[in-house]
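First comes the structure, then the notes that go with it.
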Amino acid sequence: MAPPPADRDDGDASANPNGRITRDVVLAAALELIDRDGVGGLSMRRLARVLGRDPMILYRHAPNKAALLDGVAEMVLAQLKVDPADPDWAGQLRAVARGYRALALAHPNVVPLLVTRPLATPLGLRPPGTLRPLEDILTLLTRAGFSGPDALHIYRALFGFLHGHVLNELQELIENPDETDDLLRLGLYRLPIREFPLLRSLAPALASYDGATELERGLDILLTGLTDSLTPRPAAQPRPGPPADDRQRGR
């Protein structure tokens with residue numbers, strides 16, 4: 001008997017009310033597992049149990065765990081919206097940064113995948129969905145008048161900043177949340193005051209960390225620096241016609 005097609009109805013699945021096992025269903029269930037238990041909590045066998053299927057069925061949609069992780073990263077990045085036609089390139093990059101931070105806060109356990117997995121894969125071998133933000137931002141910036149290399153530099157600077165920001169924001173800063181003194185809450189009292197006087201003195205600022213505010217301040221610095229150092233080409237202007245008196249003499 002010939003094997004059934006990959007998209008056949010395999011019965012009820014908890015992740016899909018229609019009971020069909022598709023790639024999207026598999027990736028959505030994998031994302032739920034990662035959100036709950038981290039990347040280490042994901043395995044093909046565990047995912048199969050969640051879906052109520054034999055593990056072999058999953059291999060039709062992801063040949064191994066690495067492909068599964070790539071697919072999850074692609075699924076999350078597909079939610080990052082970029083408008084390449086926006087005439088305000090700096091405003092659009094700010095909106096992209098806010099959207100990326102929102103995705104990171106919604107899926108903190110996926111952030112390591114977004115930051116590290118693309119770097120371990122040549123561009124041409126990455127899932128196309130993970131490259132869409134890059135292509136759209138390059139389109140946005142070249143339409144604004146930046147050269148291709150400068151547009152790529154801006155993209156790298158932006159996402160280098162974003163990766164560092166979200167990783168920093170997601171770190172647990174509080175050691176003793178019940179303490180009222182910031183030095184004690186953050187555990188900075190453990191640092192010798194003679195060796196770390198400035199760091200200890202910044203305990204109130206560290207304790208009042210606001211991720212949204214820090215993002216905006218960082219974007220101000222980044223975009224101002226980029227604007228000052230990289231100037232887009234001005235839009236082509238129409239050539240002026242001959243003076244009116246010259247046109248009259250040519251009649």
Side-chain angles (χ1 to χ4, degrees), residues 31-32 34-41 72-73 75-83 86 88-119 130 132-134 136-137 140-141 144 153-193 195-230:
L31 177 58
E32 288 183 10
I34 293 174
D35 281 343
R36 189 177 69 221
D37 301 323
V39 174
V72 169
M75 171 177 278
V76 172
L77 280 177
Q79 302 173 55
L80 184 63
K81 303 304 179 185
V82 182
D83 180 5
D86 191 339
D88 180 6
W89 67 269
Q92 181 59 208
L93 292 186
R94 194 177 289 272
V96 170
R98 292 168 182 161
Y100 191 86
R101 174 178 177 265
L103 285 175
L105 296 181
H107 305 286
N109 289 334
V110 179
V111 169
L113 300 181
L114 302 182
V115 173
T116 62
R117 288 200 68 79
L119 299 178
T130 64
R132 180 51 51 193
L134 169 57
D136 287 345
I137 289 175
L140 168 76
L141 294 172
H153 175 75
I154 294 172
Y155 171 87
R156 287 171 171 164
L158 175 66
F159 275 84
F161 162 70
L162 285 177
H163 290 160
H165 174 84
V166 297
L167 289 172
N168 185 67
E169 183 173 358
L170 293 173
Q171 295 301 309
E172 180 59 59
L173 297 176
I174 306 300
E175 180 185 12
N176 299 308
D178 295 331
E179 291 285 354
T180 57
D181 182 270
D182 293 329
L183 204 66
L184 299 177
R185 292 180 69 222
L186 299 177
L188 292 176
Y189 66 92
R190 301 176 185 276
L191 302 180
I193 190 169
E195 295 182 39
F196 300 96
L198 293 176
L199 191 55
R200 286 176 56 118
S201 71
L202 288 171
L206 290 167
S208 61
Y209 178 87
D210 183 315
T213 300
E214 289 290 330
L215 178 73
E216 296 301 326
R217 179 59 178 149
L219 288 171
D220 288 342
I221 296 170
L222 176 66
L223 294 176
T224 298
L226 290 172
T227 303
D228 289 345
S229 62
L230 299 174

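Hydrogens, waters and symmetry mates play no part in the numbers below; they use all other heavy atoms, side chains included.
Contacts of R190 classified as salt bridge (charged side-chain N to carboxylate O under 4.0 Å, His left out), with partners at least two apart in sequence or in another chain: E175. Under the side chain to side chain contact (heavy atoms under 4.5 Å, CB included) criterion, D210 pairs with A212, T213, not counting sequence neighbours. Residues satisfying the salt bridge (charged side-chain N to carboxylate O under 4.0 Å, His left out) criterion with R94, sequence neighbours excluded, are E216, D220. Residues passing the salt bridge (charged side-chain N to carboxylate O under 4.0 Å, His left out) test with D86: none are found, sequence neighbours excluded. Every residue was checked against the salt bridge (charged side-chain N to carboxylate O under 4.0 Å, His left out) condition with R217, not counting sequence neighbours, and none meets it.
Here side chain to side chain donor-acceptor pair (under 3.5 Å) pairs that include residues 154-163, with residues two or more places apart or in two chains, are Y100-H163.
Put simply, the side chain of F159 does not reach to within 4.5 Å of the side chain of V115, judged on heavy atoms. Residues L93 and L141 have side chains in contact (heavy-atom distance under 4.5 Å, counting atoms from C-beta outward). Considering only heavy atoms from C-beta on, L105 stays 4.5 Å or farther from V166 through its side chain. Residues L206 and L199 form a side-chain contact, since some pair of their non-hydrogen atoms from C-beta on lies under 4.5 Å apart. Between L219 and L158, the closest side-chain pair of non-hydrogen atoms falls below 4.5 Å. Looking only at side-chain heavy atoms (C-beta outward), R132 and L80 stay at 4.5 Å or farther from each other. Inter-residue side-chain proximity for L114 and T130 is flagged as unmet; no heavy-atom pair is nearer than 4.5 Å.
Minimum heavy-atom separation, L140 to Q92: CD2-CG, 3.7 Å. The shortest heavy-atom contact between A203 and L186 is O-CD1, 3.6 Å. Looking at every heavy atom in both residues, L223 comes nearest to T227 through O-OG1, 2.7 Å. Closest of all the heavy-atom pairs between A97 and L162 is CB-CD2, 3.6 Å. The shortest heavy-atom contact between L191 and R200 is O-NH1, 2.7 Å. Residues N109 and D35 come closest through the heavy atom pair ND2-O, 3.0 Å.
Counting only distance, with no hydrogens or angles, the side chain of T224 and the backbone of I221 share no donor-acceptor pair below 3.5 Å.
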Intermediate values then yes/no, side-chain contact (heavy atoms from CB on, under 4.5 Å), L215 and F161: CA-CA 9 Å; L215 178 73; F161 162 70; 3.9 Å; yes
Derivation of the side-chain contact (heavy atoms from CB on, under 4.5 Å) call for Y209 and N168: CA-CA 10 Å; Y209 178 87; N168 185 67; 3.6 Å; yes
